[in-house]
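Everything numeric here is computed off the predicted structure, so don't read it as measured data. Just so it is clear: chains get the letters A, B, ... in the order the sequence lines come, proteins before strands, and each one is counted from 1.
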2 protein chains.
Amino acid sequence: MHKIDPAEIEQRLGQLTETCRANGLRMTHQRMEIFREVAASGEHPDADTIFKRVRKRLPTISPDTVYRTLASLEETGLISRVNPVCGRARFDANTDEHHHYICTKCGKITDIYLSTPPALPEGIENLGEVESLHLQVHGVCHNCKSS
Amino acid sequence: MHKIDPAEIEQRLGQLTETCRANGLRMTHQRMEIFREVAASGEHPDADTIFKRVRKRLPTISPDTVYRTLASLEETGLISRVNPVCGRARFDANTDEHHHYICTKCGKITDIYLSTPPALPEGIENLGEVESLHLQVHGVCHNCKSS
DNA sequence: CTCTATGCAAAAGTTTTGCAATCGC
DNA sequence: GCGATTGCAAAACTTTTGCATAGAG
């Protein structure tokens, strides 16, 4: 698994303090430990996993603090979510090879067709079999941008 | 929006009948209308949207039928979900440009680093601004494959 | 007639919200 | 002290499951 270098984590914790100050966010134990947990794990944990791990060090922390803190860290760009706009499962009956533009604000998904498909990265065999190669472009669509 | 050609929908409905027969699935009004809805919309609808639309034609349909039917259509490969493994939001503190291998069975996410980043597709400007370009490789990891 | 699929209801699981108390700045 | 943040509790929302019945093959 891709564990992050401890020295880099320290550096990122400094970044955390800085960015929080710049955004008027306060540096609490909870925020610190939640960020450390996401940064250190390298396995892209979900909110509940983070909650269970942080609770070992801060026994009184509550799940809603984890959710709120993850949201504020995401707003400042300190962390990101691997699958944006995934509150609901969304379906596609189009079996042609195509890709997606996803608006991270409104969740609108638009098909992208490529004349030259993206190349299969090397070393994928080490990870497992490949079902599909899917390019996701994340951004804010015109509709959301104008409002 | 990318609306699907009506003639193609008819063809895909034929495919539906065929594939259902091959998999021992029965061709019900519900299955037919749910598939037609996903195929015709082209906007990658979620389960609840499909439910609300199909209900106009089949007023007694229930949400759980929609969920179950979508799951069985996915199993046979007639439809796919745009974001597999998205029951829970997952977070990443790694701000380096990187991509992801996602196991559609167990949900494990592994980082992929590319020496040559994928090219930004042409015509993206028409869709909106670009926050990030994210390659997702979907497949079944070794761990799940062996068990 | 058999066995899958459906509808109803209830449950499970994730995330959000209101509010008073707490704690960083 | 002021105001952001937290913890608790409850609610909202999406999805899953058990079971009796209806309906496709």
Side-chain angles (χ1 to χ4, degrees), chain A residues 13 16-35 37-38 44-76 78-79 81-91 107, chain B residues 13 16-38 44-55 57-76 78-79 81-91 107:
Chain A
L13 284 172
L16 170 69
T17 311
E18 222 174 279
T19 308
C20 283
R21 200 170 331 212
N23 288 73
L25 299 178
R26 293 176 176 168
M27 183 50 50
T28 61
H29 288 162
Q30 290 88 338
R31 210 189 296 281
M32 178 76 113
E33 291 306 324
I34 288 168
F35 180 80
E37 199 51 58
V38 181
H44 317 85
D46 59 67
D48 189 55
T49 303
I50 296 164
F51 168 63
K52 290 203 179 79
R53 290 183 186 164
V54 171
R55 191 168 48 176
K56 291 177 188 167
R57 275 169 282 154
L58 304 176
T60 68
I61 199 170
S62 64
D64 36 301
T65 297
V66 175
Y67 282 105
R68 278 186 285 223
T69 302
L70 288 170
S72 65
L73 291 176
E74 190 190 4
E75 267 176 43
T76 59
L78 283 159
I79 66 172
R81 51 183 83 207
V82 177
N83 281 18
V85 191
C86 76
R88 293 171 168 189
R90 298 188 49 173
F91 297 87
Chain B
L13 284 172
L16 170 68
T17 311
E18 220 175 282
T19 308
C20 283
R21 200 169 330 213
N23 289 74
L25 298 178
R26 292 176 179 168
M27 183 52 48
T28 63
H29 289 161
Q30 290 88 337
R31 208 189 297 280
M32 179 75 114
E33 293 305 325
I34 289 167
F35 180 81
R36 189 203 300 279
E37 199 52 58
V38 180
H44 317 84
D46 59 67
D48 189 56
T49 303
I50 296 164
F51 168 64
K52 290 203 180 79
R53 291 185 186 161
V54 170
R55 191 170 47 176
R57 275 168 282 154
L58 303 176
T60 68
I61 200 171
S62 64
D64 37 302
T65 297
V66 175
Y67 282 104
R68 275 187 284 225
T69 302
L70 288 170
S72 65
L73 291 176
E74 191 190 3
E75 267 175 45
T76 60
L78 284 158
I79 65 174
R81 50 184 82 204
V82 177
N83 281 16
V85 191
C86 76
R88 294 170 167 190
R90 299 189 47 175
F91 297 87

On DNA chain C, nearest-nucleotide positions of B:L58 versus B:A89: which is more 5'?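 So the residue in question is B:L58.
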Closer to the 5' end of DNA chain C via nearest nucleotide, is it B:S62 or A:M27?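 This one resolves to B:S62.
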Taking only N and O in the side chain of A:T60, is any of them less than 4.0 Å away from OP1 or OP2 of D:dC8?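 Checking A:T60 against D:dC8: no side-chain N or O falls below 4.0 Å of OP1 or OP2.
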B:T28 side chain near C:dT6 phosphate (N/O to OP1/OP2, under 4.0 Å): yes
Any donor-acceptor pair under 3.5 Å joining the side chain of [X] to the base of [N]?
X	N	value
A:R31	C:dG24	no
B:D48	D:dC13	no
B:R26	C:dC3	yes
B:R21	D:dG25	no

Before accepting this row, confirm whether a basic side-chain N of the pair A:E18/A:R21 lies closer than 4.0 Å to the acidic partner's carboxylate O. no
Do NZ/NE/NH1/NH2 and the carboxylate oxygens of B:R57 and B:E37 come within less than 4.0 Å? yes
For A:P84 against A:V82, the heavy-atom pair lying closest together: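 In terms of heavy atoms, the two residues are closest at CD-O, 3.3 Å.
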Testing the basics here: between B:I50 and B:V66, what is the closest heavy-atom pair and its distance to 0.1 Å?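 Nearest pair, atom of B:I50 first, then B:V66: CG2-CG1, 4.1 Å.
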Could you state the atom-to-atom distance from [atom1] of [X] to [atom2] of [N] in whole Å?
X	N	atom1	atom2	answer
A:F91	D:dT15	CZ	C1'	10 Å
B:N23	C:dA5	CG	C1'	15 Å
A:H29	D:dG7	NE2	P	12 Å
B:K52	D:dC13	NZ	P	10 Å
B:I61	C:dT6	CD1	P	7 Å
A:Q30	C:dG24	CD	P	8 Å
B:F51	C:dT6	CZ	C1'	13 Å
A:D64	C:dT15	CG	P	13 Å

Between A:T69 and A:S72, do the side chains contain a donor N or O and an acceptor N or O under 3.5 Å apart? no
When B:L25 and B:Y67 are each assigned the nearest nucleotide of DNA chain D, the 5'-most assignment goes to B:Y67
Pick base, sugar-phosphate or nothing for B:S72, based on heavy-atom distances below 4.0 Å to the nucleic acid. nothing
